[in-house]
Protein chains: 2
Amino acid sequence: MAKKRVTLADVARLAGVSQTAASFVLSGRREDMRISADVEARVLHAVRVLDYRPNAVSRSLRTGTTHTIGLVSDTISTAPFAGHLIWGALDAAREHGYLLFIAESEGDPELEQELVQAMVDRQVDGIVLASMYTRALLPPKSLGERPSILLNAVPARPKPIVSVVPDEIEGGRTAARALLEAGHREGIGLIGVGPGRTRTDSLAAIERFQGIEEVFTAEGIDIAAAVGCDDWQPHHGWEATHRLLREVRELSALICFNDRLALGAYQALADAGLRVPDDVSVVSFDDDIYATWVRPPLTTVALPHYELGRTAVELLLKEIRGERRPAPGRYRIRMPLRERGSIRPRFHPA
Amino acid sequence: MAKKRVTLADVARLAGVSQTAASFVLSGRREDMRISADVEARVLHAVRVLDYRPNAVSRSLRTGTTHTIGLVSDTISTAPFAGHLIWGALDAAREHGYLLFIAESEGDPELEQELVQAMVDRQVDGIVLASMYTRALLPPKSLGERPSILLNAVPARPKPIVSVVPDEIEGGRTAARALLEAGHREGIGLIGVGPGRTRTDSLAAIERFQGIEEVFTAEGIDIAAAVGCDDWQPHHGWEATHRLLREVRELSALICFNDRLALGAYQALADAGLRVPDDVSVVSFDDDIYATWVRPPLTTVALPHYELGRTAVELLLKEIRGERRPAPGRYRIRMPLRERGSIRPRFHPA
DNA sequence: TTGTATGCGTTATCAT
DNA sequence: ATGATAACGCATACAA
């Protein structure tokens, strides 16, 4: 348990060489330094015998680099898909030999600042500031002290920083096109965004709507009705759908602004004796895990969480290494359509 | 951007005192060392002026402690509730001024060993080895080099190590009692564990069953039928329930071994024209997020993820600090019953 | 009460 | 080709 630490000096001693020689062998630079093959072998042998592992802390103090990245997020617990964001970041980091400090600010700016500071104190090479739902935020000032990047967020005030976000506008277009290609041109309803209640801090709401509207307008299609929601939980979807049903005589298709709303919508449609997709087609956003569990399985425009996390870390690493530093601005990640069973083709008489 | 690092020496210089004095002031030990109030004030002032922050790497090299804990888990991405495990761990760590390295082994023992090693190299003060579903595992050998703890897992071979696990046996009892107290004594079915197919690597399966059986046996109640499942996803629950319905004439209550199975069971019961809870009561395990979304909301025995994570870190910190080192063995965390709407009281004629 | 000197484990410079 | 030696930033035993 209290095993004595073995240091480079121990290795050198056992190998009968200078510590310098041992160091060079281990950093693989024996070519430059013209270390004899014999010495190299003795060092390598000693390393194996002693089971030597370099002390990264000491190395960091000397080199000024920790091979460590800090990731602080507002929430990682309540979002079921949050794991995939982290996963992508973790994978990318590991592939480059980096480890991740992870922390959660719970949306508290003060705590966020504190956590970023704790990471900076530990000399992380860079920082990822992440949000679980896409939004604008004010980066804490400590961010400036290290290379850093915004993940699933954009700076509230213009700043020369890299942001990685889902391409929500194109995602909106994708949802609209999915309906269009199935022949839906009338009786299209929206729930999640509409007159009155709209979550204005959510970029997703704004940009998804923008994409949807753009496609429909270009085709001369009118949205039959749209109902906003205070929040995007299943019961909001249920209420909104019931309201929608009162406004629209012949609902043919329904765009839900996320899968949770869609879950409530499924229920409300069933209440009204409407079948999905035979009577009403449904398309949604996010690709939450339960999208495959409901019946029929939900066709949805996926939030590319894994890719977001991975891309953020890769861009950050580029900046850290100084090779081809990425230009500040938004990097938009494509939102793929997951075609499942909730859209039914609808043919019109010629 | 390339701001020059400010060191303790800078602070001492500006304050016009020795580095030692500055150091003592900052470690708050000026009482012991009888540093003058004047010196203290000058140091504190210099710290503020220079915006000095101690270099944790350097401090670690000197003190041998990093205030850092490593958490490596087999999966954190595919389990929707995984976040809560992490959350509890994160909270406990932060409260004590520790930061967490987090990594994911994807169930690959080689990678797991590698990640643990990477953390040990960085001189973490302790390691949490976590699993997302409760199981037995072989701790990688590098674990022995640091204080460490198993989270949601137990050692496959007896080892003097602390394990934090849900109290699945008591959880099983809780589920059984919930049914009992609602008056269910006949027509009780089980899905998830049964003759033939059972996931034997899952402690949850074994212990939940053990608890259930214990309670029913004590009451002289026979389980009407049990159907095992290869895995515990919704469609397995759907199939199992259909099979069960063929075996049992009058199904009165159904115990599902997790919420996903229950989801499938809901569907299958609906297919058979059975209503929950009017015709069949359902009780389940885990308390996944969607347990509140289904109709009726699911009564379920919760997996205490937050508490698990928090407890693991707290015990580990006790060990690290050497104060009252926790005894090796299993620490069982209570699984609370979340009473919702899927159990209906059933009254028997006296 | 305050200052000087040393060591933590590496890396890297400079003579040899 | 190899071996002293300094330096990274901090904490602390010891001297003053």
Side-chain angles (χ1 to χ4, degrees), chain A residues 2-43 46-47 50-68 120-125 145, chain B residues 3-44 46-47 50-68 120-125 145:
Chain A
K3 253 199 296 199
K4 226 186 57 197
R5 298 237 90 70
V6 29
T7 75
L8 187 56
D10 298 325
V11 171
R13 201 174 312 122
L14 179 62
V17 303
S18 76
Q19 189 172 316
T20 312
S23 177
F24 281 138
V25 169
L26 293 183
S27 24
R29 301 193 305 166
R30 65 164 271 257
E31 290 302 324
D32 315 343
M33 293 299 123
R34 279 173 296 185
I35 303 266
S36 71
D38 174 54
V39 163
E40 178 185 35
R42 297 218 304 276
V43 169
V47 164
L50 297 176
D51 194 24
Y52 167 75
R53 298 246 93 208
N55 180 329
V57 169
S58 171
R59 175 178 287 174
S60 293
L61 178 59
R62 185 59 234 244
T63 63
T65 173
T66 53
H67 279 251
T68 291
V120 170
D121 287 349
R122 284 171 176 77
Q123 312 296 119
V124 295
D125 294 335
E145 300 183 24
Chain B
K3 253 198 297 197
K4 224 185 60 196
R5 295 237 94 70
V6 28
T7 77
L8 187 56
D10 297 324
V11 171
R13 201 174 311 125
L14 179 62
V17 304
S18 77
Q19 188 172 319
T20 311
S23 177
F24 281 138
V25 169
L26 292 184
S27 19
R29 300 193 305 164
R30 67 164 268 260
E31 291 303 324
D32 313 344
M33 293 297 125
R34 281 175 293 185
I35 303 266
S36 71
D38 174 53
V39 165
E40 179 184 33
R42 297 218 306 277
V43 170
L44 260 24
V47 163
L50 298 176
D51 195 24
Y52 167 75
R53 296 247 94 209
N55 180 329
V57 168
S58 170
R59 177 179 285 174
S60 294
L61 179 59
R62 181 61 231 249
T63 63
T65 173
T66 53
H67 279 250
T68 290
V120 170
D121 288 350
R122 284 171 176 77
Q123 312 298 118
V124 294
D125 294 335
E145 299 182 25

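Order of the sequence lines fixes the chain letters, A, B, ..., with proteins taken first and strands second; residue numbering starts at 1 for each chain. Because the structure is predicted, anything quoted here is derived from the model rather than measured.
Here the CD atom belonging to Q123(A) is positioned 10.0 Å from the CD atom belonging to E145(A), to the nearest 0.5 angstrom. Going from atom NE2 of H67(A) over to atom OG of S60(A) covers 8.0 Å, rounded to the nearest 0.5 Å. Between atom CZ of residue R59(B) and atom CG of residue D121(A) there is a gap of 8.5 Å, rounded to the nearest 0.5 Å. Separating the CG atom in L50(B) from the OG1 atom in T7(B) is a distance of 9.0 Å, to the nearest 0.5 Å. Once rounded to the nearest 0.5 Å, the distance linking CZ of R62(B) with CG of N55(B) reads 14.5 Å.
Nearest heavy-atom pair across L8(B) and Y52(B) is N-CE1, 3.4 Å.
For the pair R42(A) CZ and dT2(D) C1', the interatomic distance rounds to 12 Å; values are reported in whole Å. Taking atom CD of residue Q19(A) and atom P of nucleotide dG9(C), one finds them 10 Å apart after rounding to whole Å. Atom CG in L26(B) sits roughly 16 Å away from atom C1' in dT2(C) (whole-Å rounding). N55(B) has its CG atom 10 Å from the P atom of dA11(D), to the nearest Å. Rounded to whole Å, atom P of dG9(C) lies 9 Å from atom CD of Q123(B). With rounding to whole Å, D38(B) atom CG is found 13 Å from dT1(C) atom P. Remark: C1' of dG3(C) and CZ of F24(B) are 11 Å apart, rounded to the nearest angstrom. Note: CD (E40(A)) to C1' (dT2(D)) measures 15 Å, nearest angstrom.
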Side-chain donor/acceptor pairs under 3.5 Å, residues 12-19 of chain A, sequence neighbours excluded:
residue : atom : partner : partner atom : Å
R13(A)  : NH1  : D10(A)  : OD1          : 3.1
S18(A)  : OG   : T20(A)  : N            : 3.4
S18(A)  : OG   : A21(A)  : N            : 3.0

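Contact annotation: Y52(A) reaches the phosphate of dT10(C) (side-chain N/O to OP1 or OP2, under 4.0 Å).
With hydrogens and angles ignored, no donor-acceptor pair closer than 3.5 Å exists between the side chain of S23(B) and the base of dT12(D). A donor-acceptor contact under 3.5 angstrom links the side-chain atoms of T20(B) to the base of dT12(D).
Contacts between residues 57-64 of chain A and DNA chain D, defined by a heavy-atom separation below 4.0 Å, involve L61(A), R62(A), listed by number.
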